[in-house]
Structure formats: C-alpha cells, structure tokens
Amino acid sequence: MGETIAYRRELPVARTSEVLVVGGGPAGIAAAIASARQGARTLLLERFGFLGGNATAALVGPFMTCYSLDGQQQLVRGIYEELVRRLERIGGALHPSGIPAGSPYCGFIVFGHDKVTPFDPEAVKVVALEMCREAGVEIQFHTFVFDALVEGGAVTGVVAASKSGAEAVRARVTVDCSADADVAARAGVPCRTGRDADGLTQPMTLFFRIAGVDDARVEAYVRAHPEDRRPFAGLIRAARERGEWAIPREGVGMYKTLEPGVWRINTTRMQRASGTDVRELTRAEMEGREQMLFLLRFFRERLPGLEHCRLYDSAATIGVRETRRIEGEYTLTAQDLTEGREFDDVIALAGYPFDIHSPDSAGGGTGTGELRSANIYQAPYRCLVPVGVDGLLVAGRSISATHEALAAIRVMPPCFALGEAAGTAAALAIRHGVQPRHVPVPDLQAALVRLGAYLGEARAARYGPAAATAD
Ligand SMILES: Cc1cc2nc3c(=O)[nH]c(=O)nc-3n(C[C@H](O)[C@H](O)[C@H](O)COP(=O)(O)OP(=O)(O)OC[C@H]3O[C@@H](n4cnc5c(N)ncnc54)[C@H](O)[C@@H]3O)c2cc1C
C-alpha cells in the first residue's frame, strides 16, 4: 500500500428507518416496495437520480425470461408482473407471454430466450418510482453508500456521501441491493469474486442503442443465415479472418426495441476488469466508448440493414455482470440448478439457463460447457442471509451463489423476485422482533404468495387466495 492518512470526523445521523434498502435496481425496487407494503418504514438510497439500476442506467435489456426454460410457465410474478403490466399500459413494455423465442426482441436467440420482456428504460424510471411512492417508500437519490455501521455483530446502518457531505443513516434491517455487496463487504461478510480457479469475472459491456436500422432487411438477412449462431456471425468471422475488423464478440448482440428502427446493442466487451475498483471501472468506460465507435463504423460499412444506422444513445454507466458474491447461510450451486433441487425455504423460482460470458477467451464467446439447468430451479432464503452478520440481507446479483449458479440467476426478473423476498423478510423481522436469519420461513412464504409471488403449486394451494377462501 502507498501513502495513507488518518481521517476522522463526527457525522450527523441524517435519517433513521426501520428497513433501509441500498440500491434501486431490480432487486432494490422490489425489496423497498415489498417492505413498505408489509408496513415497515422503508428508506431507499440510490447513487443515481432515478431508479432501475442496470435496466435504466446501463441500458441493459430486454428483461430476460421470467418463464420456465421451456417457456410454458411464468415463474417470476409478484411485483415484477405488476411492473410489466403497468409499463404495458403506458406503451413501455410488451408482456412476455407474446414474445416467442427467436424473435427480434430476443436478439433472434432461441435457447433460454423464450418469453423475454422488451421494455422502454424511460418508462421503467417513471413506473418504478410511482410504485415505490404509492407503497410509501421514502427515497433519497444521489447518495452513495460507502461504509456500514456495525454494532455487536449487527449492521445498524450505513455511511453515505452526497452533495450534502458524509452522513450516517440508521436502520434496524438493511437490505443490500447494491449488486456489489457494498454494505455486506464493509460489514465484514466474507465474499467471493469470479471463477474459483482464478477469480476472473464475466466481462463488462457498455450498452448503446442505434436508430435508423432497416428492421426488415436485418430480419431477412438473419433468417436467411441460420448457420450463424448469433446475428451476422459469419460476416464478423470473415472480417476477422481477413484481419480487417477485430470485433470483440462472435456475433452482434442486438435486440429490437419498442421503437421501429431502434435496437439495443450488447456487443462491446471489457475483460479482466474489476467492477469494484474505480480505476479499472474508469478504464472500462473509456474502452467501452472506443469499442462503441468502432462497432458503429463496422455496422455501417459491413452489415446489411445497418448501412444508415446512427448512435441513438449510450448507457450512463458501463454494465457490470459480476463482482462480489456474499457467503450466505447456503450457497446456491450449479448442481442445484441442473437438478432443479427443491428447498424447504424456497423464495423464488427461475428458468433462465447458465449464461457465462467468457472472462478471458478471445472473441468473447458465451458458453455453459456441459451445464444444463433444469426447466425450473429454486432459490432458498438462506442465500440472502449472510453468515456471521445480523441486521442484514442481501438480494440481487450478489447473493450467495457460485460463479456458475449466479450466471443463471443474475438476470433481472429473478433479481426482482429475490428483492421482493428480502424486503418482505426484512419487514417480517421487524414485526416479529427477530434477526432476519430467524424469520419464520412459512410466514415469509405465505406473505410472498399472498402478494402474488409464485413458489410452486403446493405453496400456491397452501397460502394463495383459494386457501384463504377454504378457511
Ligand atoms: C452487460 C450486461 C448485460 C446483461 N443482459 C441482461 C439482459 O439482457 N436481461 C436481463 O434480464 N439481465 C441482464 N443482465 C443482468 C442484470 O442486468 C443484472 O444482473 C441485474 O440488473 C442485477 O440486479 P440488481 O438489482 O442486483 O443490480 P443493479 O441492476 O446493478 O442495481 C443496483 C443499483 O444499486 C445502485 N448502487 C450500487 N452501489 C451503490 C452504493 N454503494 N450506494 C448507493 N447505490 C448503489 C446502482 O446505482 C443501481 O441502481 C445483464 C447485465 C450486464 C452487466
């Protein structure tokens, strides 16, 4: 370590709350709404000036499937389904039930891409905010949480920085939805990062959108070249072999949006960069923008239907696929997903398959090796409960899972479901006067099912509206 200085000051306790949610992405939105709906005084802190996380700030989309792998059964419902229905009403999304695998909204991809949800990020900013405010969530934007308050082995709040300076915020239960386990790591929860073998994480991607695309020509070309695993893979390979264009992916990750001629591009690639190191993040942002301009030139020069495309916008922040994962009471494994293992403390179901973007291979391919997830898999509550530290739950991208299991459950619909469970559990912990790890799981599951979550047929029968009528 280089030079260090000692720095010490008194901080005001700016706010107190029963439940504090850190981060307003998919997990944090659902956690805050669920907690407030359970009657807990809930405060959400978010570093940007709007909600949505990757869905808005990083322009990531569509929402990957909320269905079983075979596309037959919707698994993620609850707050996610409410959000999608409300987006639909203002023309800000298409319900996944009408989006078949292989459609342009799925990037023409078939496996694992049945029933995605195309959405407008601007509509998500508006509707997520409305839903939080209607539920009674207090929100503070422009606030970056950089430390945890820990007393007697429990998190009792956080320290945050903003234009108002450094301030403390106290809470009885904190739900860390920062995607980087920022609170958990600062509180001393053991965390892992990346692959077991070398710690390398999935690459980052700067999303951008292009306008002026000839949708019909793109679709006609892609349909006429079924040998391409991804759109335009043959043209990219040929250009690379001639040494003309070193495109960082095997094909163009391109997803049609709700606006004619406008597509999201998921094709830049920054490998070997850490999303929890500000200097590496800065380098990745710069490299992402260079790659974006390079890709735009390639698209215009070489790709049918993209000759007249122009930059529509680029993400406000680079998309980070993977950073810290907490060590929780249980660690979700690849085997749990391949076997579709059932857990007594199930709190979410999902069907999106393993999707590991190579941390190091040239060409930046995606792959899952021999891993094949079950049609439906489960996440247990214990994955949200950190070992050794009380007063804290973790939801979203940094739950307790292996690198491989996370590569499936990290997509946005399951993150909504995990957040909804964490927020509900946090409020129940307060109501019962217990630590989150001691929340009675049947009470948690019953509350989730009553609020519209789907935890399988048996629990729907036990806790759902029909069961209440039968009583
Ligand atoms: C390049 C890329 C492509 C992807 N493609 C898809 C896709 O097509 N479909 C899909 O469904 N999923 C996709 N994913 C996965 C998905 O976007 C994420 O895994 C998911 O958004 C995680 O949700 P989250 O709520 O845990 O975190 P995030 O969406 O990252 O939200 C975290 C929130 O916390 C805030 N925050 C972070 N740290 C702090 C702090 N210290 N203090 C205050 N606020 C903080 C952030 O500003 C953000 O709003 C992709 C991800 C990437 C990076």
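Everything quoted here is computed from the prediction, not taken from an experiment. Order of appearance sets the numbers: ligands from 1, and atoms from 1 within every ligand.
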message = Yes or no: does T143 have any heavy atom under 4.0 Å from an atom of ligand 1?
response = yes
task = Answer with yes or no whether the side chains of S314 and R289 bring together a donor and an acceptor at under 3.5 Å.
result = yes
inquiry  = For Y352, is there any backbone N or O sitting under 3.5 Å from a side-chain donor or acceptor partner on Y377?
reply    = yes
note = Closest to atom 35 (C) of ligand 1 among protein heavy atoms sits E46 OE1, 3.2 Å
inquiry  = Would you say the ring centers of F343 and Y330 fall short of 6.0 Å from each other?
reply    = yes
note = protein heavy-atom neighbour closest to atom 44 (N) of ligand 1 works out as R47 N, 3.2 Å
request  = Using a strict cut-off of less than 4.0 Å between a Lys/Arg side-chain nitrogen and an Asp/Glu carboxylate oxygen, indicate whether E130 and R133 qualify as a salt bridge.
outcome  = no
remark   = If you scan protein heavy atoms around atom 9 (N) of ligand 1, the nearest is P62 O, 2.7 Å
query = Quick one: which ligand 1 atoms are inside 4.0 Å of a heavy atom on P413?
reply = 11 (O)
task = List the closest protein heavy-atom neighbour of atom 42 (N) of ligand 1: residue, atom name, distance to the nearest 0.1 Å.
result = V145 N, 2.9 Å
key: Contact list for residues 387-400, test salt bridge (Lys or Arg N to Asp or Glu O under 4.0 Å), sequence neighbours left out   = D180-R397, D390-R437
Residue, atom name and distance, where the atom is the protein heavy atom closest to atom 22 (C) of ligand 1 = C415 SG, 3.6 Å
note = min-distance protein heavy atom vs atom 52 (C) of ligand 1 -> R321 CG, 3.7 Å
task = Verify whether one side chain among Y454 and Q73 offers a donor that lies under 3.5 Å from an acceptor in the other.
result = yes
message = Using a 4.0 Å heavy-atom cut-off, which part of A58 comes near ligand 1: side chain, backbone, both, or neither?
response = neither
task = State the atoms of ligand 1, each with its element, that fall below the 4.0 Å cut-off from a heavy-atom position in G396.
result = 26 (O)
Other residues, nucleotides, ligands: >12 heavy atoms within 6.0 Å of R223 CZ = yes
message = Please report whether ligand 1 has a polar contact with M412, defined as an N or O pair separated by less than 3.5 Å (distance criterion only).
response = yes
query = Heavy atom of F146 under 4.0 Å from ligand 1?
reply = no
query = Of the protein's non-hydrogen atoms, which lies at the shortest distance from atom 3 (C) of ligand 1, and what is that distance?
reply = F207 CE1, 3.5 Å
note = Numbered in order shown, the ligand 1 atoms found under 4.0 Å of a heavy atom of C177 are 32 (C), 33 (C), 34 (O)
inquiry  = Pair F48, T56 - check side-chain contact (heavy atoms from CB on, under 4.5 Å), show working.
reply    = CA-CA 10 Å; F48 293 129; T56 54; over 6 Å; no
ask   = So which protein heavy atom does atom 27 (O) of ligand 1 come closest to, and at what separation?
value = A179 CB, 3.3 Å
remark   = Contact region, V60 to ligand 1, non-hydrogen atoms below 4.0 Å, reads side chain
inquiry  = Looking only at the aromatic ring of each residue, does the gap between the centers of F294 and W245 stay below 6.0 angstrom?
reply    = yes
query = Between E322 and Q202, is there a donor-acceptor pair closer than 3.5 Å when you use the side chain of the first and the backbone of the second?
reply = yes
ask   = What pairs meet the ring pair (Phe, Tyr, Trp, His ring centres under 6.0 Å) rule with one or both residues in residues 171-191, with sequence neighbours excluded?
value = none
note = The atoms of ligand 1 lying under 4.0 Å from a heavy atom of G25, numbered in the order shown, are 25 (O), 31 (O), 33 (C), 49 (O)
query = Which atoms of ligand 1 sit under 4.0 Å from any heavy atom of V320?
reply = 53 (C)
key: N54, I29, V411: member with heavy atom nearest to atom 17 (O) of ligand 1   = N54
request  = Pick, from R269, R410, R397, the option with the minimum heavy-atom distance to atom 18 (C) of ligand 1.
outcome  = R410
ask   = Does ligand 1 have an atom under 4.0 Å from some heavy atom of A57?
value = no
query = Any side-chain donor paired with an acceptor under 3.5 Å for S274 and E280?
reply = no
query = Which ligand 1 atoms does G319 reach within 4.0 Å, using its non-hydrogen atoms?
reply = 53 (C)
inquiry  = Pairing donors with acceptors under 3.5 angstrom, does anything connect the side chains of Q140 and R15?
reply    = yes
inquiry  = Looking at non-hydrogen atoms alone, which of S178, G107, A55 comes nearest to atom 37 (C) of ligand 1?
reply    = S178
task = Say whether E420 and Y80, considering side chains only, have a donor N or O and an acceptor N or O under 3.5 Å apart.
result = no
key: Sub-6.0 Å ring centroid separation between F119 and F63   = yes
remark   = ligand 1 to G53, heavy atom cutoff 4.0 Å, flagged ligand atoms 29 (O), 31 (O), 48 (C), 49 (O)
inquiry  = Could you check whether R86 pairs with E82 (Lys NZ or Arg NE/NH1/NH2 to Asp/Glu carboxylate O, under 4.0 Å)?
reply    = no
ask   = What atoms of ligand 1 come closer than 4.0 angstrom to any heavy atom of F48?
value = 47 (O)
note = Logged contact type for F63 with ligand 1, heavy-atom cut-off 4.0 Å, is backbone
message = Measuring from non-hydrogen atoms of D182 to any atom of ligand 1, is the shortest distance under 4.0 Å?
response = yes
inquiry  = Once you restrict to heavy atoms under 4.0 Å, what part of A27 touches ligand 1? Side chain, backbone, both or neither.
reply    = both
